[in-house]
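A quick note: this is a predicted structure, and the numbers were derived from the prediction, not measured.
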Amino acid sequence: MRISVSSDMDEPVARALVAELRGRGHDVVPHGALRPGDDPRWAVCSEAAARDVADGTSEQAVVCCWTGTGASIAANKVSGVRAALCADAYTADGARRWNDANVLALSLRLTSEPLLKEILDAWFAAEASGDAEDRQNVAHIDGLDGPDAGNSGSRA
């Protein structure tokens, strides 16, 4: 699988992420501090990785910043992206299963190498749910990117 990876800082866990993905047989497309000469700002490099997913250049992405929050917010601004900030394996499993997340966001501060492997194991083992309600929720989220975004009809 081709996976875009961004990080705003060249931290050991970011390098471990790239090595782990490559060790699992994935083709890694680096962005930000992981690519010499690239713009390392979290908003810019997270957007670049997310755009790779949206345009089909990559099947998935992993975006990283100090807390993971900014990277996830930036990625989620790209139409067609469902980024999930995951601090543990259970959350990663749920994000893939119930939310059909296609971008994993990680905290450079909180993610240790052993935890990183657990999160990746769960992320790659999970498949999107076929449950009708789960699919309806994902379709609703995807519709929020459309031309009438925010106009869901009724207002309280």
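Looking only at atom types and distance, the side chain of Asp131 has no donor-acceptor partner in the side chain of Ser129 under 3.5 Å away.
In this structure a side-chain-to-backbone donor-acceptor pair under 3.5 Å is present from Ser107 to Leu110. Between the side chain of Ser46 and the backbone N or O of Ala43, no donor-acceptor pair lies under 3.5 Å. No side-chain donor-acceptor contact under 3.5 Å links Ser7 to the backbone of Asp10.
The two residues Ala122 and Ala92 make their nearest non-hydrogen contact at CB-CB, 4.3 Å. Nearest heavy-atom pair, Cys65 versus Asp8, reported as atom, atom and distance to 0.1 Å: CA-OD1, 3.3 Å. The two residues Trp42 and Gly70 have their closest heavy-atom pair at CZ3-O, 3.2 Å. Across Leu85 and Thr91, no two heavy atoms sit closer than the pair O-CG2, 3.9 Å.
Salt-bridge formation is detected for the pair Asp142/Arg82: a Lys NZ or Arg NE/NH1/NH2 atom is positioned less than 4.0 Å from an Asp or Glu carboxylate oxygen. With respect to Arg15 and Glu11, no salt bridge is recorded, no charged nitrogen being found less than 4.0 Å from a carboxylate O. Between Arg135 and Asp100 there is a salt bridge, since at least one side-chain N of the basic residue sits less than 4.0 Å from a carboxylate O of the acidic one.
The side-chain heavy atoms of Leu106 and Leu116, taken from C-beta on, include a pair separated by under 4.5 Å.
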Practice prompt. Test Asp55 against Arg51 for salt bridge (Lys or Arg N to Asp or Glu O under 4.0 Å), laying out the working first.
Written response: CA-CA 6 Å; Asp55 70 18; Arg51 288 207 182 279; over 6 Å; no

Practice prompt. Start with the C-alpha distance between Arg24 and Glu20, add both sets of side-chain angles, then the distance that settles salt bridge (Lys or Arg N to Asp or Glu O under 4.0 Å), and finish with yes or no.
Written response: CA-CA 6 Å; Arg24 292 172 185 235; Glu20 183 67 26; 2.8 Å; yes

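Here CD of Glu59 is found 5.0 Å from CE of Met1. Values are rounded to the nearest 0.5 Å.
The aromatic rings of Trp98 and Tyr90 lie perpendicular to each other, with more than 60° between the two planes, well past the 30° mark.
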Run the side-chain donor-acceptor check on residues 31-41: report pairs under 3.5 Å with partners two or more places apart or on a different chain.
residue : atom : partner : partner atom : Å
His31   : NE2  : Asp52   : OD2          : 2.7
Arg35   : NE   : Pro30   : O            : 3.4
Asp38   : OD2  : Gly32   : N            : 2.8
Asp39   : OD1  : Arg41   : N            : 3.0
Asp39   : OD1  : Arg41   : NE           : 3.1
Asp39   : OD2  : Arg41   : NE           : 3.2
Asp39   : OD2  : Arg41   : NH2          : 2.7

